[in-house]
Participant: 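For reference, the structure I am asking about is given below.
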There are 2 protein chains.
Amino acid sequence: METPHALAAFGALSQPTRLATFRLLIQALPAGLPAGEIAAALAVRQNTLSAHLAVLAEAGLVRGERQGRTIRYHAEIDRLRALLGFLTQDCCGGRPDLCAPLADALTGVPARPACEPNTETEPPCRSSNAT
Amino acid sequence: METPHALAAFGALSQPTRLATFRLLIQALPAGLPAGEIAAALAVRQNTLSAHLAVLAEAGLVRGERQGRTIRYHAEIDRLRALLGFLTQDCCGGRPDLCAPLADALTGVPARPACEPNTETEPPCRSSNAT
DNA sequence: GGGGCGTTTCCATATTTCGGGAAATATCGA
DNA sequence: TCGATATTTCCCGAAATATGGAAACGCCCC
């Protein structure tokens with residue numbers, strides 16, 4: 001992820017309604033939620049929510065697709081992953097000692113103390129025998 | 001981390017100068033950097049930077065301590081970790097399937113499952129995959 | 001104590017953002 | 001075609017934010 005995208009994502013998440021929306025949509029994965037349902041759940045007017053959804057979509061954090069007369073939104077988990085990578089690439093890039101506790105927070109597992117400075121978009125090895 | 005703290009953190013990171021400042025300070029860990037040096041590195045006026053540093057400090061992302069007549073700032077890595085945890089607790093909380101790729105992005109190493117069910121002669125994934 | 005340096009605070013202004021009301025667009029059902 | 005529902009777009013005023021200049025504060029050295 002590049003800096004402008006990260007800025008957009010942070011900006012999008014820095015507003016209470018938008019943050020709540022994003023979290024709600026993550027919890028609603030993978031089905032997603034129609035805009036009206038989000039508005040009802042968050043007690044926000046639809047036009048206001050629409051503007052917030054537009055910001056989130058512009059930041060790439062959510063995506064909406066029309067289903068009949070409703071528009072169903074769902075979180076873009078890949079974008080979240082990219083954002084996490086962006087946040088950690090600075091420290092994990094050259095400092096595995098700093099990276100380890102960060103990974104710890106995410107996984108709850110002490111994580112091996114060796115982060116390679118590549119945190120973009122490449123799943124290392126979990127392909128052959130994953131679940 | 002609680003929502004208001006996360007909002008403050010996102011708001012703090014949603015401004016170009018502040019994001020650059022935070023990243024710079026993370027790279028400068030653990031020594032930190034004096035305010036003047038940050039301002040010079042980012043080509044920002046000191047009063048402007050001071051305001052931004054105040055926002056970052058208010059969000060708990062950086063901390064400054066006086067050293068003689070300079071004030072040396074350094075990133076709060078624990079806060080960053082808390083922020084990562086906040087971002088992932090929604091999906092990781094109940095959905096390990098979503099959490100795994102997220103942790104992956106962070107460390108380059110899959111969380112717990114996914115890598116080696118029972119083969120012990122296999123080196124643990126992270127072998128060599130630099131793009 | 002006086003002068004100099006680093007940093008912050010105060011003030012003023014331009015820009016952006018937020019939320020509400022009303023209207024417009026798109027889809028469905030009859 | 002008509003009405004109803006879901007969602008967005010447009011426009012507005014209010015509030016927050018960013019930045020610059022000038023001044024103030026704290027600390028060091030002489």
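Quick note on labels: first sequence line is chain A, next is B, and so on, each numbered from 1.
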Participant: Can you name the closest pair of heavy atoms from B/S14 and A/L7 and give their distance?
Facilitator: C-CD2, 3.6 Å
Participant: At a heavy-atom distance below 4.0 Å, which nucleotide of DNA chain C is the first touched by chain B, and which is the last?
Facilitator: C/dG4 to C/dT9
Participant: Between the protein and nucleotides 18-20 of chain D, which nitrogen or oxygen pairs are less than 3.5 angstrom apart?
Facilitator:
unit_1: D/dA18; atom_1: OP1; unit_2: B/R18; atom_2: NH1; d: 3.1
unit_1: D/dA18; atom_1: OP1; unit_2: B/R18; atom_2: NH2; d: 2.9
unit_1: D/dA18; atom_1: OP2; unit_2: B/R18; atom_2: NH1; d: 3.2
unit_1: D/dT19; atom_1: OP1; unit_2: B/Q15; atom_2: NE2; d: 3.4
unit_1: D/dT19; atom_1: OP2; unit_2: B/H52; atom_2: NE2; d: 2.4
unit_1: D/dG20; atom_1: OP2; unit_2: B/T48; atom_2: OG1; d: 3.2

Participant: Atom pairs, N/O to N/O, protein against nucleotides 26-28 of chain D, distance under 3.5 Å?
Facilitator:
none

Participant: Rounded to whole angstroms, how far apart are CG on B/L56 and C1' on D/dT17?
Facilitator: 14 Å
Participant: Does A/G68 offer a backbone N or O that forms a donor-acceptor pair with the side chain of A/R66 under 3.5 Å?
Facilitator: yes
Participant: Which heavy atom in A/A82 sits nearest to a heavy atom in A/M1, and how many Å separate them?
Facilitator: CB-CE, 3.5 Å
Participant: Mind grabbing the angle between the end helix axes of the helix from C/dG1-D/dC30 to C/dA30-D/dT1? Five pairs an end, 10° rounding.
Facilitator: 30°
Participant: Please report the interatomic distance CG(A/L25) to CG(A/L80), rounded to the nearest 0.5 Å.
Facilitator: 12.0 Å
Participant: Once side chain to side chain contact (heavy atoms under 4.5 Å, CB included) is applied, do any residues pair with B/R23, and if so which ones, sequence neighbours excluded?
Facilitator: A/T3, A/F86, A/Q89, A/D90, B/L19
Participant: Measure the spacing between CG of A/D78 and CG of A/L83 and express it to the nearest 0.5 Å.
Facilitator: 12.5 Å
Participant: Could you pull out the closest heavy-atom pair between A/L33 and A/A28, with the gap in Å?
Facilitator: CD1-CB, 3.6 Å
Participant: Output side-chain donor-acceptor pairs under 3.5 Å for residues 36-65 of chain A, partner residues at least two apart or in another chain, one line each.
Facilitator:
unit_1: A/H52; atom_1: ND1; unit_2: A/R18; atom_2: NH1; d: 3.1
unit_1: A/R63; atom_1: NE; unit_2: A/E76; atom_2: OE2; d: 2.9
unit_1: A/E65; atom_1: OE2; unit_2: A/H74; atom_2: NE2; d: 3.3

Participant: Considering residues at least two apart in sequence or located in another chain, which fulfil the side chain to side chain donor-acceptor pair (under 3.5 Å) criterion with B/E2?
Facilitator: none
Participant: Would you check if A/Y73 and A/L24 make a side-chain contact, meaning some heavy-atom pair closer than 4.5 Å?
Facilitator: no
